[in-house]
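Written below as structure tokens is the structure these notes are about.
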Amino acid sequence: MTAGTGEQRDRGFDHTEVEPKWQDAWDEHGVFHVPDDAEDPAYVLAMFPYPSGEMHMGHVRNYAITDAYARYQRMRGESVLHPMGWDSFGLPAENAAMDREVDPRGWTMDCIATMKEQMELMGLGLDWDREVTTCEPEYFRWNQWFFRRFYDEGLVERKETGLNWCPSCETVLADENVTTEGGTEICWRCDTPIEHRDMEQWFFTTTDYADELHEALDRMDGWPENVREMQRNWIGHQEGDAVAFELTTGDSVEIFTTRLDTIHGATFFALSPGHPVAQDLAGEDEAVAEYVHRAEHGDREARSASEASSGDAARDEGLPQTSGVFTGEYAENPATGEEIPVYVADYVLSDIGTGALYAVPAHDERDHAFAREHDIPIRQVVEPAPDAEVDPADVDVQRAAYTEDGVLDLGEVEGSSDGRSESDGVLANSGEYDGLTSEEAREAFVDVFDGERRVERSLRDWCISRQRYWGTPIPFVECPDCGYVPVPEADLPVELPAFVRTTGNPLDAAEEWKQVECPDCGGPAERETDTMDTFVDSSWYFLRYISPGMDDAPFDTEQASDWLPVDQYVGGIEHATMHLIYSRFFTKVLADLDMLEGVREPFENLLTQGMVRKGGTAMSSSTGNVVSPRPFVEKHGADTGRLFMLEAARPEKDFDWTEEGARSAHEFLQGVYALAAEVASGAVGKVDADADRAPIDEYVAREVSATTATATEEFEAFRFNHALQAVRELVSLVRRYRDETTPDPAVVERGVETVTKLLAPVAPHVAEEMWDELGGEGLVAEADWPGADPPASYDIERRLVENTREDVRDIVDVAGIEDPEEVAIAVAPDWKHEVHEFARTSDADNLVGAVMGDERFREHGEAAADFAKDLAAEREALSETLDPAAERAALERAAWLIEREFGADVTVLAAGESAADARPGRPAIQID
RNA sequence: GCGAGGGUAGCCAAGCCUGGAAACGGCGGCGGACUCAAGAUCCGCUCCCGUAGGGGUCCGAGGGUUCGAAUCCCUUCCCUCGCACCA
């Protein structure tokens, strides 16, 4: 439908008129501004966007969630910080600049302006006074400032290692920026397969914090388990031992193993092709040199080859898994004193452990395969424990490796009472250590072989250099005499030179900018031309929101310590191992630099929102499978979009965008607005003292309270869909009340007013309009959230009413009663209630006996015995019921619903003859 | 291979932690009210049988615990995601 048609205006509201009006009003009242002196406000944060210029539905969902929660908290009386900013450095701006003769800055600023306008269109309640833009020198100067501080603290290293290179983006990438798809490593931004290059780059030493980053995850209850698990995987955790082996080359080579217990079975030694000792040997031995070369270069071809094939694993096809070359050198097995041959083997990876290992073919499958191929002896040193399920005679290590390591399953230690230990392995052929369990042997051997117990992790230091223009210049100068020298703090920020279109890094081409004096010796020097990974920007932006204008520090320590951690963070799962690890790292470093007090984790609660799909598949601009937010909002209104998104599914789940769902949301809003307008115009009911109506009014009042309680609970738990479902039910009830009785306008008004408030966080514009119609004071955005106690015994009563209504329907239906005229409902007599309660709480063995033994009940004779028998059959399932008077009152309150449904008179009776069939919670029903 | 999360009526989807009602809600379908009619709105029904509220079957499959299991335990199958030549 077209906005603002005459037809619409008659009965509904026109969102093109209403939405800007209230946006202005919120603005004028500074509703969303948080003063600096606010005490520990609720910090509700959506991951700030990269300003691409167009919002997509994922953004809308993200912000609809945080805004609803923030608005809800505000109505609860909290001060709320709900800020927004722009993650505005990055390659797309540079690409756009190359494509269409603009400069990255201009393009970015235009995009920000458009996106901000779209956010305003959505009516998001954001504190724009705290807007943060990472590509502004006022922001990125602090990146440089942090870089220097980190450098002073020894957290910055410049080192050469094998790095990921994206040929399309023409820059190195951190490990975190590389994703694996079908065995191929690709760039997270452009999906181009990456290459490996050895380069010297700048690193933040995230590994210094690996232990804490890993261990703290266990305590982060506010995070979803899958994100924590992803981070655990990413950081890695292998407990083992490092032991040195002496080689005939004269080198002492450290290995890392989780199976030190098997050391007596080591029959060869293996180095990865990248290992320094292997590299040295390659210099002396042609065969080794050739193998190392093939291993290093086969790599790339093999990857593209395996990509073409079905591509199960990224196993090199050029080099089989068992490939390797004997170096002619030997290592001494410290356990046996034997000389074992040293191989260079491709299956040994340079970035796992130390890149060197002793191989135990008897107890490791890969070592086994290698040994078979190269005719190396296989010696068993672990066998099944005497009490293990496996017969030692069945173990043939010549045929296959026996990998049971005999680790005690902690959960099963107690279970050894069943006569069988869970420890499967004990040592054999290991001299004096025979008979020890693997675990005991490991304990012993660390000392015996002068090793070191250690935890190996897969987390690597964070490579932050990027060979791109549109980022924060790394504040260093390279002097031919002094080496790398930091730019003095007084000279910060190092700003970007004008953009030039060039292949490669534009900063390299900015000759004038590049040439500087060395801060140390004053001689000619060159600026570092790399810029920082943009994840540096996003690692602390949530701190800048706290003191956005501060110009002598990145943020105010005292205020940040009070306002952090972020109470609720909402964003996409794609940042699980990137942004969310980097931010945690930054926060810990800042805490250790005393810039934060008592805060070591930035985000208390994390919600990863699900995708918005269409027709079962993800919305994607490349396939055109999208619903564009802007046209949608212009046509149907922001509230419609927000309501639909939030009621369609729980925030963390994916959901399908459907036309029907959106339409249903729109119609609901129009309908509920119309109801408010009708109430406001005085067209509903008349003030007329009618005693009969009192129970009905009370019924509605109780439903209003119950809905409020439900909505509150659900908002609190981020289940907006459940809250909204309850609100829809209440609206439906209020309508029925209005239509079918002589309604009390005050009751209707209270219902509609409550609905307005409950809806305000989700459909804020319509809610303001309704609030205005109803004559509410001020803005509903600033109104108090309604009280939230559920009425006494509400659940029991609801069950009673629902059951009774259903029973009436059943009877009418099954008995084929055409036109019921009178429905009589009779509550069970007092004594039955007493027996029921007695049965429910009694623990007597013989319930019937116990009941009949009580003279209160005995006087009801046979009826009491029968009833007791029935109860006995289901005594464990008996649930609490209302007392007779309460039951009767509840049914009287609900009687109007039955009258309305069947057009029959309904009478609710106290117990009488007609109540013979009645039971507590199940009244007798007579229909005529 | 390791790990995490899932499998609920035609579809989407609650409930499972803290066992106790054929199992919330939405969509679709069916019937009814209102209406000249359509739309909108409202009220029901939607696993099977049943002319007074009853009975049967049911929550991926199979076992078990229990008076009682969608919920707890074990086994098994399938799906999604993350990690993975990890020494």
Side-chain angles (χ1 to χ4, degrees), chain A residues 11 179-180 183 224-238 240-242 255-260 262 266 270 272 313-316 319 321-322 345-349 351-360 363-367 369-370 456-458 573 576-577 616 647-650 652-656 658-661 664 667 670-671 674 710 719 721-722 724-726 728-729 732 735-736 738-740 799 802-817 820 872-879 897 900-903 917 921-927:
Chain A
R11 326 180 355 247
T179 35
T180 315
E225 187 53 39
N226 63 335
V227 175
R228 290 196 279 170
E229 192 59 26
M230 283 164 78
Q231 294 208 350
R232 281 192 198 101
N233 281 336
W234 187 258
I235 297 164
H237 179 97
Q238 279 94 40
D241 308 283
I255 57 90
F256 176 80
T257 178
T258 55
R259 294 297 309 273
L260 191 58
T262 63
S272 66
R315 182 69 230 155
D316 296 350
L319 289 174
Q321 180 153 10
T322 54
D346 192 45
Y347 84 92
V348 184
L349 306 180
D351 55 351
I352 303 292
T354 62
L357 53 83
Y358 67 72
V360 186
H363 304 292
D364 181 278
E365 281 162 20
R366 290 151 308 174
D367 295 350
F370 191 92
E456 277 287 318
R457 303 199 177 274
S458 21
I573 185 85
T577 53
E647 70 181 348
R650 286 167 49 181
E652 52 273 81
K653 304 204 99 172
D654 293 351
F655 81 97
D656 258 14
T658 60
E659 284 306 314
E660 301 79 58
S664 150
E667 281 161 5
Q670 288 291 356
T710 305
R719 290 184 298 247
N721 55 331
H722 291 176
L724 292 166
Q725 186 179 305
R728 277 187 182 249
E729 280 168 27
S732 160
R735 279 214 186 91
R736 270 176 280 166
R738 175 202 61 185
D739 291 346
E740 301 290 331
R799 172 68 63 79
E802 288 304 319
N803 280 344
T804 306
R805 290 180 66 193
E806 205 156 307
D807 285 346
V808 173
R809 274 175 218 137
D810 269 359
I811 294 167
V812 169
D813 183 37
V814 174
I817 301 170
E874 49 176 319
R875 66 188 291 194
E876 304 293 339
L878 297 177
S879 56
L897 291 167
R900 165 167 204 274
E901 188 174 334
F902 295 96
D917 295 335
R922 208 75 198 269
I925 298 166
Q926 179 63 42
I927 301 174

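No experiment lies behind these values; they were computed from the predicted model shown. Chain letters run A, B, ... following the sequence lines, proteins first, then strands; residues in each count from 1.
- Looking at the side chain of A/Gln725, the nearest of the listed nucleotides B/C24, B/A52, B/A87 is B/C24.
- Under the Watson-Crick or G-U wobble criterion, with both distances below 3.5 Å, B/C2 is paired with B/G82.
- Between the C1' atoms of B/G60 and B/C79, the separation comes to 11 Å (whole Å).
- With no hydrogens or angles considered, no side-chain donor-acceptor pair links A/Tyr358 and A/Asp367 at under 3.5 Å.
- The distance from the CG atom of A/Leu357 to the CD1 atom of A/Ile352 is 11.0 Å, given to the nearest 0.5 Å.
- Across all strands, A/Asn803 comes closer than 4.0 Å to base atoms (heavy-atom distances).
- Closest approach to the A/Arg736 side chain among B/U51, B/C42, B/G25 is made by B/C42 (side chain taken as heavy atoms from C-beta onward).
- The nucleotide whose nearest atom lies closest to any side-chain atom of A/Arg900 is, among B/C43, B/G53, B/G44, B/C43.
- In this structure, A/Ile927 reaches the bases: a heavy-atom distance under 4.0 Å links it to at least one base atom across the strands shown.
- Once rounded to the nearest 0.5 Å, the distance linking CG of A/Asp807 with CZ of A/Arg922 reads 4.0 Å.
- Note on A/Arg809: only backbone sugar-phosphate atoms sit closer than 4.0 angstrom, heavy atoms only; bases stay farther off.
- B/A14 sits 28 Å from B/U76 when the P atoms are compared, rounded to a whole Å.
- Residues meeting the ring-ring contact (aromatic ring centres under 6.0 Å, His included) test with A/Phe256, sequence neighbours left out: none.
- Distance CZ (A/Phe902) to C1' (B/G32): 12 Å, rounded to an integer number of Å.
- The residue A/Pro820 sits apart from the nucleic acid: no heavy atom pair falls under 4.0 Å.
- B/G6 and B/A38 are spaced 45 Å apart, taking the C1' atom of each and rounding to whole Å.
- Pair assignment for B/A22 gives none, since no Watson-Crick or G-U wobble pairing has each distance under 3.5 Å.
- Here the separation of B/U71 from B/U35, taken at their C1' atoms, is 48 Å to the nearest Å.
- Counting atom types as modelled, A/Asp807 pairs a side-chain N or O with a base atom of B/G53 as donor and acceptor under 3.5 Å.
- Note that the CD atom of A/Glu225 and the CZ atom of A/Arg228 stand 4.5 Å from one another [nearest 0.5 Å].
- Closest contact between the side chain of A/Ser732 and the listed nucleotides B/G3, B/C43, B/U41 involves B/C43.
- Within 6.0 Å of atom CD in A/Glu365, 12 or fewer heavy atoms from other residues, nucleotides or ligands are found, so the atom counts as exposed in its surroundings.
- We find that CD of A/Glu229 is positioned 11 Å from C1' of B/C81, with the value rounded to whole Å.
- In terms of position along RNA chain B, the nucleotide closest to A/Arg728 lies nearer the 5' end than the nucleotide closest to the other residue of the pair A/Asp810 and A/Arg728.
- Atom pair A/Trp234:CH2 and B/C2:C1' shows a separation of 17 Å (rounding to whole Å applied).
- If you take atom P in B/A4 and the same atom in B/C74, they sit 13 Å apart, rounded to whole Å.
- The distance from atom CD of A/Glu456 to atom P of B/C83 is 20 Å, rounded to the nearest whole Å.
- Here the CG atom belonging to A/Asp364 is positioned 8.5 Å from the CZ atom belonging to A/Arg259, to the nearest 0.5 angstrom.
- Using atom C1' as the reference point in both B/U8 and B/A69, the two lie 14 Å apart (nearest Å).
- Residues A/Val348 and A/Gly355 share a closest heavy-atom pair of CG1-O, 3.6 Å.
- Pairing partner, B/C30: B/G44, with both Watson-Crick or wobble hydrogen-bond distances short of 3.5 Å.
- One can place CZ of A/Arg735 at 11 Å from C1' of B/A40, the figure rounded to the nearest angstrom.
- Of all nucleotides listed (B/G53, B/A4, B/A87), B/A87 comes nearest to the side chain of A/Thr257.
- Taking every side-chain heavy atom of A/Glu729 into account, B/G25 is the closest of B/G25, B/G53, B/A84.
- Residue contacts for A/Gln238: at a heavy-atom cut-off of 4.0 Å it reaches a base atom on one of the strands shown.
- Distance from the side chain of A/Gln926 is smallest for B/A52 among the nucleotides B/C24, B/A52, B/A4.
- At whole-Å resolution of the value, CG in A/Leu897 and C1' in B/C43 are 11 Å apart.
- Residue A/Ala815 has its side chain nearest to B/U51 when only B/U51, B/A87, B/G53 are considered.
- When the side chain to side chain contact (heavy atoms under 4.5 Å, CB included) test is applied to A/Glu647, the partners found at least two apart in sequence or on another chain are A/Leu643, A/Ala665, A/Leu724, A/Arg728.
- Contact annotation for A/Thr577: no contact, since no heavy-atom pair falls under 4.0 Å across all strands.
- Look at CD on A/Gln231: it is 14 Å from C1' on B/A4, rounded to the nearest Å.
- Between the side chain of A/Arg457 and the backbone N or O of A/Gly236, at least one donor-acceptor pair lies under 3.5 Å.
- Atom CG in A/Asp241 sits roughly 12 Å away from atom C1' in B/A87 (whole-Å rounding).
- A 3.5 Å limit on both hydrogen-bonding distances identifies no Watson-Crick or G-U partner for B/U65.
- Within the nucleic acid shown, A/Val348 comes within 4.0 Å of at least one base atom, counting heavy atoms only.
- Under the Watson-Crick or G-U wobble criterion, with both distances below 3.5 Å, B/U71 is left unpaired in every strand shown.
- A/Arg805 comes within 4.0 angstrom of sugar-phosphate atoms only, judged by non-hydrogen atoms across all strands, and of no base.
- Between A/Phe256 and A/Thr804, it is A/Thr804 whose nearest contact on RNA chain B lies nearer the 5' terminus.
- Of the candidates B/C42, B/U51, B/A87, B/A87 carries the atom nearest the A/Leu357 side chain, counting heavy atoms from C-beta on.
- Contact check, A/Arg259 against B/A87: no side-chain N or O comes under 4.0 Å of OP1 or OP2.
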Distances for protein N/O vs nucleotides 14-20 of chain B N/O pairs under 3.5 angstrom?
unit_1: B/A14; atom_1: OP1; unit_2: A/Lys653; atom_2: NZ; d: 3.4
unit_1: B/A14; atom_1: OP2; unit_2: A/Lys653; atom_2: NZ; d: 3.1
unit_1: B/G20; atom_1: O6; unit_2: A/Glu876; atom_2: O; d: 3.1
unit_1: B/G20; atom_1: N1; unit_2: A/Glu876; atom_2: O; d: 3.2

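- Nucleotides B/C17 and B/G7 place their P atoms 14 Å apart, quoted to the nearest Å.
- The side chain of A/Asn233 approaches B/G82 more closely than any other nucleotide in the set B/G82, B/A52, B/G3.
- A/Ile573 is listed as a side-chain neighbour of A/Met230, based on a closest heavy-atom distance under 4.5 Å.
- Rounded to a whole angstrom, the distance from the C1' atom of B/G20 to that of B/U65 is 16 Å.
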